[in-house]
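Counting starts at 1 for both ligands and their atoms, following the listed order. When a residue number appears, it is its place in the shown sequence, counting from 1. Source: prediction; values computed, not measured.
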Amino acid sequence: MGGTGQPMLTWVRALAAMARHVVAVGSCAAYGGITSASPNILDACGLQYDGRYPGGALGADFRDRTGLPVINIAGCPTHPDWVTGTLALLARDQLGAQDLDPLGRPRFYADTLVHHGCTRNEFYEYKASARHPSDLGCLMENMGCIGTQAHGDCNTRLWNGGGSCTRGGYACINCTAPEFEEPGHPFETTPKIAGIPVGLPTDMPKAWYVALSSLARAATPERLARNATQDHIVVPPTSRPLRR
Ligand code: SF4
């Protein structure tokens, strides 16, 4: 399209009006993402969202020729399977409005949380927390992990056959969500009030969290307490005969 004298946005709008389906690949295309971070001198936005607000380049009312809104394969980066899976479903006419979540993401990957399948789950349960990126413990309390709120099957689908951010020692920063690029605090830190993380699991009341985490902390096995702040296992699981 170079040399036509038309901005890309003009082309996108013209082509979208004729397209059977419009797919936004990646969080920038979906919601604005990193390119829309302050001061956003480019006035960047997503195809059908400006951050968390419907609108964007095509407008909130846009629908493709089949009646679908823009399909947001959000993620930074997006998992290759999410792209090929979505395109395969569209090619077979097996992806409808009911298969998209409220932010336009395909539910086959967005109905799972990053927390599901994380190898640090046992540490999470006992609030045995990492203090450094190489530690084995849960990354929520100190390292900024919001995998309990982030939509994506990263820890069950895995990347390149075996990896994920949390498995690599990097906290989940919720890159499939609008406005993840500006959390209001440095990545890899957990904002707290009175020692309690501000971003708690979305479906857990704060009082429950406080009560449960106090109990869990009191019951933390030494194995988890010690391993949580190590970069390798220093206390292996106890072996003992299993009797009925
Ligand atoms: S590191 Fe994050 S995703 Fe993993 S168990 Fe802890 S809170 Fe959940």
Distance col, row Asn142:CG vs Glu188:CD, nearest 0.5 angstrom, shows 11.5 Å
Within residues 25-61 or reaching into it, pairs that qualify as ring pair (Phe, Tyr, Trp, His ring centres under 6.0 Å) - sequence neighbours excluded: Tyr31-Tyr49
If you look only at distance, which donor and acceptor atoms sit under 3.5 Å apart when one is on a side chain in residues 218-225 and the other is two or more places apart or in another chain?
from   : atom 1 : to     : atom 2 : distance (Å)
Thr220 : OG1    : Tyr126 : O      : 3.0
Thr220 : OG1    : Ala216 : O      : 3.0
Thr220 : OG1    : Arg217 : O      : 3.0
Glu222 : OE2    : Arg226 : NH1    : 3.3
Arg223 : NH1    : Glu122 : OE1    : 3.3
Arg223 : NH2    : Glu122 : OE2    : 2.8

Got a sec, which pairs hit ring pair (Phe, Tyr, Trp, His ring centres under 6.0 Å) with one end in residues 176-221, sequence neighbours left out? none
Classify the ring geometry of Trp82 against Tyr109: parallel below 30°, tilted from 30° to 60°, perpendicular beyond 60°. parallel
Donor + acceptor pair across side chains of His115, Asn121 (<3.5 Å): yes
Atoms of the protein (N/O/S only) found under 2.8 Å from atom 6 (Fe) of ligand 1: Cys138 SG
